[in-house]
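Here the structure is a predicted model, which means the values were calculated and not measured. These numbers come from the heavy atoms of this one structure, side chains and all, not from hydrogens, waters or symmetry mates.
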Amino acid sequence: MATAAAAAAAAAKPAPALSFSTAAAEGDEHAHYNHTDACHHLRWTAKESYEYMYARPWSRVVDFYAELVRTGAGAAGLADLFGKDENGYSLDTNGEDYTAPSENQTSTKSSKDRGGRWERVTFKIVLSYHGGSFDGWQKQPGLNTVQGLVEKHLGQFVDEKKAKQLEARSLPLEGCAVVAGRTDKGVTALQQVCSFYTWRKDVKSSDIKDAINKAAPDKLRPLHVSQVSREFHPNFAAKWRRYLYIFPLDEDVKLISGEEQSAKTVEGPECNIKPQSFDVGKVDKIIRQLEGKSLSYKMFARDTQASRSVGPPTECFMFHSRAAVAKLHTADENCEEGTTRAICIELVANRFLRKMVRVLVATAIREAAAGAEEDALLNLMEATCRRATAPPAPPDGLCLVDVGYEDFNRQRCFIVD
């Protein structure tokens with residue numbers, strides 16, 4: 001009886017104002033997702049959104065991130081961008097003895113009294129790296145990745161037993177770095193967290209820091225290295241992650257319609273001209289609707305299965321989601337300083353899916369330009385095809401600010417009321 005009632009309720013639930021169709025009849029080889037709400041004729045297509053996103057002065061954002069990494073400022077380097085005091089956002093190195101609650105409750109004696117694998121020494125490493133200088137975090141053959149470079153320089157701290165195992169398998173002498181979250185090619189990190197363990201007792205935190213510091217000067221910087229408890233895991237122990245996306249607003253770029261046309265007119269009875277810009281305040285209102293909710297972001301993920309029967313779920317809890325205008329102060333190759341207006345979108349969640357932030361940013365901007373309602377992103381959660389969302393925004397604007405292992409504190413956010 002309850003099953004029949006639930007089925008009837010699901011059938012009565014109004015479907016979102018979205019429909020899927022194939023545009024092959026119109027000579028288009030791509031399948032498009034047709035929005036049928038009131039502003040569907042003003043919404044950019046996937047191609048138009050892609051062109052608008054990439055036709056920006058991204059070099060200024062890339063240079064801004066590069067300077068933060070070079071100086072080793074970490075998350076505190078962003079404080080000035082929002083008129084905050086840097087001291088309030090300095091790297092917190094207290095409370096390094098992380099212990100998983102489950103281990104605490106089931107363990108009758110500390111790890112110091114155990115033998116075997118519990119005798120190994122674990123180090124927490126906080127890294128800052130420039131996304132444009134690497135092919136992402138994950139180690140891949142023939143590519144210059146952050147993980148590959150870090151593990152190569154950690155090889156000198158591998159214990160003798162591990163070294164013999166690697167030699168027997170004809171593998172290079174490298175350490176193993178476990179990370180809090182992988183970043184894609186072009187994405188910068190200011191306070192990425194990874195861990196490394198060894199059975200050698202003579203390894204010091206300063207030795208590891210000096211070794212990584214020589215790997216790629218000005219492009220990869222170890223901000224802090226400390227010895228932590230065996231239970232610490234940079235990914236599973238993390239309570240939240242914070243990302244910042246900087247989108248330049250300069251108007252000295254091509255329109256989304258291309259070089260020849262000054263505006264794109266949509267065929268149809270409306271004959272409306274698609275917008276060429278967006279309201280920053282509208283983006284903030286749209287993105288705020290995600291705050292304080294646990295939602296499935298499968299429609300905003302990429303390179304992952306839309307629905308899973310096994311594996312981690314697609315639900316994420318968004319602690320904080322805000323947007324604001326800021327001014328970037330950068331210098332070009334001739335050391336000439338300039339100012340660039342940009343919209344900054346700050347997102348803090350317990351976890352993020354693959355390319356989720358970039359798709360959220362691009363879709364929020366597209367919806368704001370079309371004049372959609374504030375619940376536009378929430379409505380898209382009910383979509384059945386990922387073409388309902390916009391293509392991912394360029395990775396150049398994305399930055400992993402930091403990873404939190406304590407309870408989330410909104411006062412440490414950059415964009416607050």
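Judged purely by atom type and a 3.5 angstrom limit, Thr188 uses its side chain to pair as donor or acceptor with the backbone of Gly131. Proximity of a side-chain donor or acceptor of Thr363 to a complementary backbone N or O of Ala390 within less than 3.5 Å is detected. Panel note: side chain Thr198, backbone Phe157; a donor-acceptor pair is recorded below 3.5 Å. Looking only at distances, a side-chain donor or acceptor of Asp135 sits under 3.5 Å from a matching main-chain atom of Asn144. Remark: side-chain polar atoms of Lys282 are paired, donor with acceptor, to backbone N or O of Ala372 under 3.5 angstrom. At least one donor-acceptor pair under 3.5 Å links the side chain of Lys274 to the backbone N or O of Arg43. A distance-only check finds a donor-acceptor pair linking the side chain of Glu151 to the backbone of Ala177 [under 3.5 Å]. Of the possible polar contacts, one joining the Asp207 side chain to the Lys204 backbone as a donor-acceptor pair under 3.5 Å is found.
How far CZ of Phe82 is from CD of Glu346: 6.5 Å, rounded to the nearest 0.5 Å.
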Verdict with supporting geometry, Thr145 and Arg182, side-chain hydrogen bond (donor to acceptor under 3.5 Å, both in side chains): CA-CA 11 Å; Thr145 66; Arg182 294 177 294 181; over 6 Å; no

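The side-chain tip of Arg56 points at the ring of Tyr52 from less than 6.0 angstrom away and within 45° of straight on.
Between Tyr245 and Trp58, the two ring planes are perpendicular [angle over 60°; tilted spans 30° to 60°]. Taking the six-membered ring where tryptophan is involved, the planes of Phe319 and Phe317 are perpendicular, since the angle between them exceeds 60° and thus also 30°.
Taking all atoms of both residues into account, the shortest heavy-atom contact from Arg351 to Leu353 is NH1-CD2, 3.6 Å.
A side chain to side chain donor-acceptor pair (under 3.5 Å) with His320 is found for one member of Arg288, Arg242, Arg410 and no other, namely Arg410.
Side-chain contact between Leu398 and Tyr65 is absent, with no heavy-atom pair separated by less than 4.5 Å.
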